[in-house]
There are 2 protein chains.
Amino acid sequence: MYKINGKEFKCSVEITNEIFNDKWKLGIVWHLLNGSKRYKELSEDIYQITQKTLTVKLKELEEKKLIKREVFAEVPPKVIYSLTPIGKKLQDTLNAMNNWGIEYAKECGEITDNYVCEKKH
Amino acid sequence: MYKINGKEFKCSVEITNEIFNDKWKLGIVWHLLNGSKRYKELSEDIYQITQKTLTVKLKELEEKKLIKREVFAEVPPKVIYSLTPIGKKLQDTLNAMNNWGIEYAKECGEITDNYVCEKKH
DNA sequence: CTGCATCCTACATGATACTG
DNA sequence: CAGTATCATGTAGGATGCAG
């Protein structure tokens, strides 16, 4: 049994599932696994996320201590987002999800192009 | 690039993320990795899911070809749910999520008990 | 560039009752 | 036992505009 911020979980899979039970957070982490990025870069890299949602999700990830936010006092402003150590540990999970997605596409869909994300893990 | 049921995905992580972008499906698969189960067993094992939601999620998993549904013509009725081969391949992903959840609890929460799910992988 | 403030809607989930 | 049928609701996410 686990307790995080007063909330109880009976199984550790529940923890991971709840944190990433949304449309975008996993994708943000996936992109940050390539290295630190600015707000603008993320908003360009992550297909079709709106600015508002990106801001919300980055804040959630920061609150959950998965990413670090660094503000540079410049004009124009510059903010760098990067993964914390525990955030980086999501690499294994994301890799497994990535591999399974490919398997699933082979079996139940089609691969229409050789373009595969813009990852270089 | 991938296409599944007419829908396009730019990255295989997106596929996995979209399928499991809900509160329950991953947990159902996680339980079925222990072996086939009846409807009733699932509804008892999976903490606090309602019957309606369980039915909806089982149907979705079946449509996506992750589980198989077998009906036995008996009275009272008997229905067995089990993972398909592609469903079973989620083992790696679930294991990774399980491990990460434990790491996260160690770092950002607390482990209040030695009870860890009822898994025996 | 990096956000925040509003308004709005769809959908996932829950509560409850009922059935072959 | 294994579901269906209704009704209700919270909230994630989108659209748009503004700001330091």
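Protein chains get the first letters and strands the later ones, always in sequence-line order, with residue 1 at the start of each. Not measured: the values here are computed from a predicted model.
Contact annotation: A:Arg38 does not reach the phosphate of C:dG3 (side-chain N/O to OP1 or OP2, under 4.0 Å). Applying the 4.0 Å criterion to OP1 and OP2 of C:dC1, one finds that A:Lys40 has a side-chain N or O inside that range. The phosphate of D:dG14 (OP1 or OP2) has a side-chain N or O of A:Lys23 nearer than 4.0 angstrom.
The closest side-chain donor-acceptor pair between B:Ser12 and A:Tyr104, if any, does not fall under 3.5 angstrom.
Closest to the B:Pro77 side chain, of the nucleotides C:dG20, C:dC1, D:dG13, is C:dG20. Comparing C:dG3, C:dG14, D:dA15 by their nearest atom to the side chain of B:Thr53 picks out C:dG14. In the set C:dG3, D:dA15, C:dT13, the nucleotide with an atom closest to the side chain of A:Thr50 is D:dA15. When each of D:dA2, C:dG3, C:dT13 is scored by its nearest atom to the side-chain atoms of A:Tyr39, the top-ranked nucleotide is C:dG3.
Distance A:Ile80 CD1 to C:dG3 C1': 15 Å, rounded to the nearest Å. In this structure, CG of A:Leu58 is placed 11 Å from P of C:dT2, rounded to the nearest angstrom. Between the OH atom of A:Tyr47 and the P atom of D:dG13 there is a distance of 17 Å, rounded to whole Å. Rounded to an integer number of Å, the gap from A:Ile49 CD1 to D:dG13 P is 8 Å. Summarising the geometry, the separation between CD on B:Glu60 and C1' on C:dC11 is reported as 11 Å, rounded to the nearest angstrom. Regarding A:Glu18, its CD atom lies at a distance of 11 Å from the P atom of D:dA12, rounded to whole Å. In this structure, B:Glu41 places its CD atom 12 Å from C1' of D:dC1, rounding to the nearest Å. One atom, CD1 of B:Ile28, and another, P of C:dT13, lie 10 Å apart when rounded to the nearest Å.
With rounding to the nearest 0.5 Å, the separation of CH2 in B:Trp30 from CD1 in B:Ile46 is 12.5 Å. Here NZ of B:Lys23 is found 10.0 Å from CG of A:Asn17. Values are rounded to the nearest 0.5 Å.
As judged by a 4.0 angstrom heavy-atom cut-off over every strand, A:Lys57 is placed among residues touching the sugar-phosphate backbone only. Residue A:Tyr81 is classed as a sugar-phosphate contact, given heavy-atom separations below 4.0 Å to backbone atoms only. The residue A:Thr55 sits close only to the backbone: its heavy atoms come under 4.0 Å of sugar-phosphate atoms, none of a base.
The side-chain tip of B:Lys78 points at the ring of B:Phe72 from less than 6.0 angstrom away and within 45° of straight on.
Ranked by how close their nearest DNA chain D nucleotide is to the 5' end, A:Gln51 and A:Trp24 are led by A:Trp24. With the nearest nucleotide of DNA chain C identified for both A:Glu44 and A:Lys59, A:Glu44 has the one nearer the 5' end.
Judged by distance alone with a 3.5 Å cut-off, no donor-acceptor contact links the side chain of B:Lys52 to the base of D:dG3.
Side-chain contact check for A:Trp24 versus B:Asn21: every heavy-atom pair is 4.5 Å or farther apart. A heavy-atom distance below 4.5 Å is not found between the side chains of B:Lys64 and B:Leu61.
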